[in-house]
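Just so we're clear, the structure is a prediction, and the values are computed from it rather than from any experiment. All ligand and atom numbering here is 1-based and tracks the order in the structure.
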Amino acid sequence: MANKPILHYFNGRGRMESIRWLLAAAGVEFEEQFFETKEELQKLKATVLLFQQVPMVEIDGMKLVQCRAILHYIAEKHSLLGKDLKERTLIIMYSEGTMELMELLMIYSVLTGEEQKQKLDEITNKTKNRYFPAYEKVLKTHGQNFLVGNQMSLADVQLIETILMVEEVIPDALSGFPLLQAFKTRMSNIPTIKKFLAPGSKRKPVADAKSLENIRKIFS
Ligand SMILES: N[C@@H](CCC(=O)N[C@@H](CS[C@H](CC=O)c1ccccc1)C(=O)NCC(=O)O)C(=O)O
(Lines give C-alpha, C1' and ligand atoms only; values in the text may rest on other atoms or scores of the structure.)
Protein backbone atom coordinates (compact mmCIF):
# COMPACT_ATOMS: atom_id res chain seq x y z
CA MET A 1 0.00 0.00 0.00
CA ALA A 2 1.48 3.38 -0.98
CA ASN A 3 2.68 5.41 1.98
CA LYS A 4 0.12 7.90 3.22
CA PRO A 5 1.10 11.59 3.18
CA ILE A 6 2.21 12.86 6.61
CA LEU A 7 1.12 16.39 7.58
CA HIS A 8 3.36 18.27 10.06
CA TYR A 9 1.53 21.11 11.83
CA PHE A 10 -0.12 22.03 15.11
CA ASN A 11 -3.50 20.49 15.93
CA GLY A 12 -5.55 23.28 14.41
CA ARG A 13 -6.59 24.86 11.11
CA GLY A 14 -4.07 27.58 10.30
CA ARG A 15 -2.50 27.21 6.88
CA MET A 16 -2.77 23.41 6.86
CA GLU A 17 -6.57 23.19 6.72
CA SER A 18 -6.80 23.75 2.94
CA ILE A 19 -4.35 20.89 2.45
CA ARG A 20 -6.49 18.62 4.65
CA TRP A 21 -9.56 19.67 2.62
CA LEU A 22 -7.90 18.92 -0.72
CA LEU A 23 -6.58 15.51 0.33
CA ALA A 24 -9.98 14.61 1.78
CA ALA A 25 -11.84 15.80 -1.35
CA ALA A 26 -9.46 13.72 -3.47
CA GLY A 27 -10.22 10.70 -1.29
CA VAL A 28 -6.61 10.47 -0.08
CA GLU A 29 -6.07 9.23 3.47
CA PHE A 30 -3.32 11.02 5.39
CA GLU A 31 -1.47 10.90 8.71
CA GLU A 32 -0.85 13.89 11.00
CA GLN A 33 2.11 14.60 13.26
CA PHE A 34 1.27 17.48 15.63
CA PHE A 35 3.80 19.62 17.45
CA GLU A 36 2.54 21.22 20.67
CA THR A 37 5.38 23.40 21.88
CA LYS A 38 7.81 26.01 20.64
CA GLU A 39 10.63 23.57 21.33
CA GLU A 40 9.09 20.87 19.14
CA LEU A 41 8.66 23.38 16.30
CA GLN A 42 12.24 24.57 16.83
CA LYS A 43 13.46 21.00 16.37
CA LEU A 44 11.55 20.72 13.07
CA LYS A 45 12.96 24.07 11.97
CA ALA A 46 16.50 22.87 12.64
CA THR A 47 16.05 19.65 10.69
CA VAL A 48 13.39 19.40 7.96
CA LEU A 49 11.76 22.80 7.35
CA LEU A 50 13.44 24.38 4.30
CA PHE A 51 12.33 27.91 5.23
CA GLN A 52 11.88 27.17 8.95
CA GLN A 53 8.13 27.31 8.34
CA VAL A 54 5.18 24.93 8.44
CA PRO A 55 3.02 23.47 6.88
CA MET A 56 5.30 20.65 5.81
CA VAL A 57 3.92 17.55 4.08
CA GLU A 58 5.90 14.36 3.55
CA ILE A 59 4.58 12.93 0.30
CA ASP A 60 6.03 10.62 -2.37
CA GLY A 61 9.51 10.77 -0.86
CA MET A 62 9.52 14.58 -0.61
CA LYS A 63 9.28 16.97 2.34
CA LEU A 64 7.22 19.74 0.76
CA VAL A 65 6.73 23.21 2.27
CA GLN A 66 4.89 26.33 0.96
CA CYS A 67 1.12 25.81 0.89
CA ARG A 68 0.62 26.63 -2.78
CA ALA A 69 3.32 24.21 -3.87
CA ILE A 70 1.76 21.49 -1.75
CA LEU A 71 -1.77 22.23 -2.98
CA HIS A 72 -0.72 22.30 -6.62
CA TYR A 73 1.23 19.05 -6.31
CA ILE A 74 -1.71 17.24 -4.73
CA ALA A 75 -4.20 18.81 -7.16
CA GLU A 76 -2.23 17.87 -10.29
CA LYS A 77 -1.51 14.38 -8.98
CA HIS A 78 -5.24 13.78 -8.43
CA SER A 79 -6.55 15.47 -11.61
CA LEU A 80 -7.88 18.50 -9.77
CA LEU A 81 -5.85 21.07 -11.71
CA GLY A 82 -7.65 21.10 -15.09
CA LYS A 83 -7.07 19.41 -18.43
CA ASP A 84 -4.96 22.10 -20.12
CA LEU A 85 -3.06 25.36 -19.55
CA LYS A 86 -6.11 27.61 -19.76
CA GLU A 87 -8.12 25.52 -17.25
CA ARG A 88 -5.10 25.29 -14.92
CA THR A 89 -4.67 29.08 -15.03
CA LEU A 90 -8.33 29.74 -14.25
CA ILE A 91 -8.24 27.22 -11.39
CA ILE A 92 -5.18 28.93 -9.88
CA MET A 93 -6.74 32.36 -10.42
CA TYR A 94 -9.92 31.37 -8.54
CA SER A 95 -7.87 29.57 -5.90
CA GLU A 96 -5.80 32.69 -5.26
CA GLY A 97 -8.99 34.68 -4.65
CA THR A 98 -10.26 32.26 -2.02
CA MET A 99 -6.81 32.14 -0.40
CA GLU A 100 -6.92 35.93 0.02
CA LEU A 101 -10.27 35.69 1.82
CA MET A 102 -9.12 32.73 3.93
CA GLU A 103 -5.99 34.67 4.90
CA LEU A 104 -8.22 37.43 6.28
CA LEU A 105 -10.22 34.81 8.21
CA MET A 106 -7.02 33.26 9.61
CA ILE A 107 -5.78 36.64 10.80
CA TYR A 108 -9.25 37.37 12.26
CA SER A 109 -9.08 34.11 14.22
CA VAL A 110 -5.94 35.20 16.09
CA LEU A 111 -7.03 38.81 16.77
CA THR A 112 -9.02 40.07 19.77
CA GLY A 113 -11.15 43.06 20.79
CA GLU A 114 -11.36 46.13 18.55
CA GLU A 115 -8.81 44.79 16.07
CA GLN A 116 -10.94 41.67 15.58
CA LYS A 117 -14.06 43.77 15.04
CA GLN A 118 -12.31 45.89 12.42
CA LYS A 119 -11.08 42.74 10.67
CA LEU A 120 -14.65 41.39 10.67
CA ASP A 121 -15.87 44.59 9.02
CA GLU A 122 -13.17 44.17 6.35
CA ILE A 123 -14.09 40.51 5.83
CA THR A 124 -17.81 41.35 5.59
CA ASN A 125 -17.19 44.11 3.08
CA LYS A 126 -14.82 42.10 0.88
CA THR A 127 -16.97 38.95 1.05
CA LYS A 128 -20.15 40.74 -0.03
CA ASN A 129 -18.67 43.28 -2.44
CA ARG A 130 -15.61 41.58 -3.89
CA TYR A 131 -15.21 37.81 -3.52
CA PHE A 132 -18.71 36.30 -3.43
CA PRO A 133 -19.97 38.49 -6.32
CA ALA A 134 -16.97 37.29 -8.36
CA TYR A 135 -17.68 33.59 -7.80
CA GLU A 136 -21.43 34.09 -8.34
CA LYS A 137 -20.57 35.70 -11.68
CA VAL A 138 -18.19 32.88 -12.65
CA LEU A 139 -20.84 30.24 -11.87
CA LYS A 140 -23.39 32.22 -13.90
CA THR A 141 -21.23 32.80 -16.99
CA HIS A 142 -19.60 29.34 -16.94
CA GLY A 143 -23.01 27.70 -16.49
CA GLN A 144 -21.70 24.38 -15.14
CA ASN A 145 -21.76 22.70 -11.72
CA PHE A 146 -18.09 23.56 -11.15
CA LEU A 147 -16.03 26.73 -11.56
CA VAL A 148 -13.81 25.38 -14.37
CA GLY A 149 -14.56 22.73 -17.00
CA ASN A 150 -17.20 20.24 -15.91
CA GLN A 151 -15.44 18.47 -13.06
CA MET A 152 -14.28 19.31 -9.55
CA SER A 153 -10.96 21.11 -9.21
CA LEU A 154 -8.79 22.73 -6.53
CA ALA A 155 -10.78 25.95 -7.05
CA ASP A 156 -14.09 24.28 -6.11
CA VAL A 157 -12.62 22.63 -3.01
CA GLN A 158 -11.16 25.93 -1.80
CA LEU A 159 -14.42 27.76 -2.52
CA ILE A 160 -16.55 25.36 -0.44
CA GLU A 161 -13.97 25.52 2.37
CA THR A 162 -14.06 29.33 2.20
CA ILE A 163 -17.88 29.53 2.14
CA LEU A 164 -18.14 27.40 5.28
CA MET A 165 -15.41 29.40 7.06
CA VAL A 166 -17.10 32.70 6.15
CA GLU A 167 -20.48 31.44 7.39
CA GLU A 168 -18.88 30.66 10.77
CA VAL A 169 -18.39 34.41 11.29
CA ILE A 170 -21.08 35.81 8.95
CA PRO A 171 -24.03 33.37 9.10
CA ASP A 172 -26.07 35.10 6.36
CA ALA A 173 -23.09 35.59 4.02
CA LEU A 174 -24.72 33.67 1.15
CA SER A 175 -27.95 35.70 1.10
CA GLY A 176 -28.16 37.36 -2.31
CA PHE A 177 -25.94 34.68 -3.91
CA PRO A 178 -28.31 31.91 -5.13
CA LEU A 179 -25.76 30.20 -7.37
CA LEU A 180 -23.28 30.02 -4.49
CA GLN A 181 -26.01 28.57 -2.28
CA ALA A 182 -26.65 25.83 -4.85
CA PHE A 183 -22.88 25.30 -5.25
CA LYS A 184 -22.53 24.86 -1.46
CA THR A 185 -25.29 22.21 -1.45
CA ARG A 186 -23.82 20.34 -4.42
CA MET A 187 -20.25 20.36 -3.10
CA SER A 188 -21.33 19.37 0.44
CA ASN A 189 -22.98 16.28 -1.02
CA ILE A 190 -19.96 15.02 -2.95
CA PRO A 191 -19.22 11.75 -1.07
CA THR A 192 -15.60 12.52 -0.14
CA ILE A 193 -16.52 16.02 1.06
CA LYS A 194 -19.66 14.80 2.84
CA LYS A 195 -17.43 12.35 4.75
CA PHE A 196 -14.95 15.13 5.65
CA LEU A 197 -17.83 17.28 6.94
CA ALA A 198 -19.17 14.45 9.10
CA PRO A 199 -18.09 14.03 12.77
CA GLY A 200 -14.92 12.03 13.31
CA SER A 201 -13.05 13.31 10.25
CA LYS A 202 -9.67 15.07 10.42
CA ARG A 203 -11.32 18.44 9.76
CA LYS A 204 -10.31 20.88 12.51
CA PRO A 205 -12.78 22.97 14.55
CA VAL A 206 -12.75 26.74 15.05
CA ALA A 207 -9.89 27.50 17.46
CA ASP A 208 -11.03 28.06 21.05
CA ALA A 209 -9.34 30.50 23.45
CA LYS A 210 -7.11 27.80 24.92
CA SER A 211 -5.77 26.60 21.58
CA LEU A 212 -5.31 30.21 20.39
CA GLU A 213 -3.20 30.85 23.48
CA ASN A 214 -1.08 27.82 22.67
CA ILE A 215 -0.67 28.87 19.01
CA ARG A 216 0.57 32.27 20.19
CA LYS A 217 3.07 30.54 22.53
CA ILE A 218 4.33 28.15 19.84
CA PHE A 219 4.92 30.93 17.29
CA SER A 220 5.93 33.74 19.65
N1 LIG B 1 4.37 31.08 2.61
C2 LIG B 1 4.29 30.04 3.63
C3 LIG B 1 3.90 30.68 4.95
C4 LIG B 1 3.94 29.69 6.08
C5 LIG B 1 3.84 30.31 7.46
O6 LIG B 1 3.66 31.49 7.62
N7 LIG B 1 3.95 29.47 8.45
C8 LIG B 1 3.93 29.87 9.85
C9 LIG B 1 2.92 29.04 10.61
S10 LIG B 1 1.26 29.30 10.14
C11 LIG B 1 0.81 30.75 11.11
C12 LIG B 1 1.44 30.76 12.49
C13 LIG B 1 1.41 32.15 13.03
O14 LIG B 1 1.95 33.04 12.39
C15 LIG B 1 -0.64 30.83 11.35
C16 LIG B 1 -1.24 30.04 12.32
C17 LIG B 1 -2.60 30.16 12.51
C18 LIG B 1 -3.34 31.06 11.76
C19 LIG B 1 -2.68 31.84 10.80
C20 LIG B 1 -1.34 31.73 10.62
C21 LIG B 1 5.29 29.55 10.41
O22 LIG B 1 5.79 28.46 10.20
N23 LIG B 1 5.82 30.48 11.20
C24 LIG B 1 7.11 30.20 11.84
C25 LIG B 1 8.17 31.16 11.37
O26 LIG B 1 7.92 31.86 10.36
O27 LIG B 1 9.23 31.18 12.03
C28 LIG B 1 3.29 28.98 3.19
O29 LIG B 1 2.48 29.27 2.29
O30 LIG B 1 3.34 27.85 3.69
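- Counted by atom type alone, Tyr94 and Gln158 present zero donor-acceptor pairs between their side chains at under 3.5 Å.
- For ligand 1, the 4.0 Å heavy-atom shell takes in Tyr9, Phe10, Gly14, Arg15, Lys45, Gln52, Gln53, Val54, Pro55, Gln66, Cys67, Met106, Phe219, ordered by chain and residue number.
- Between Glu17 and Lys204, no side-chain nitrogen of the basic residue sits less than 4.0 Å from a carboxylate oxygen of the acidic one, so the salt-bridge criterion is not met.
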What pairs of donor and acceptor atoms, side-chain ones from residues 47-59 against any protein atom, are under 3.5 angstrom apart with sequence neighbours left out?
residue	atom	partner	partner atom	Å
Thr47	OG1	Lys43	O	2.8
Thr47	OG1	Leu44	O	3.2
Glu58	OE2	His8	NE2	2.6

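- By the 4.0 Å N-to-carboxylate-O rule, Glu32 lies close enough to Arg20 to be salt-bridged with it.
- The pair Lys117-Glu114 does not meet the salt-bridge criterion, since no charged nitrogen lies less than 4.0 angstrom from a carboxylate oxygen.
- Outside the 6.0 Å centre-distance limit, the rings of Tyr135 and Phe183 are not counted as a close aromatic pair.
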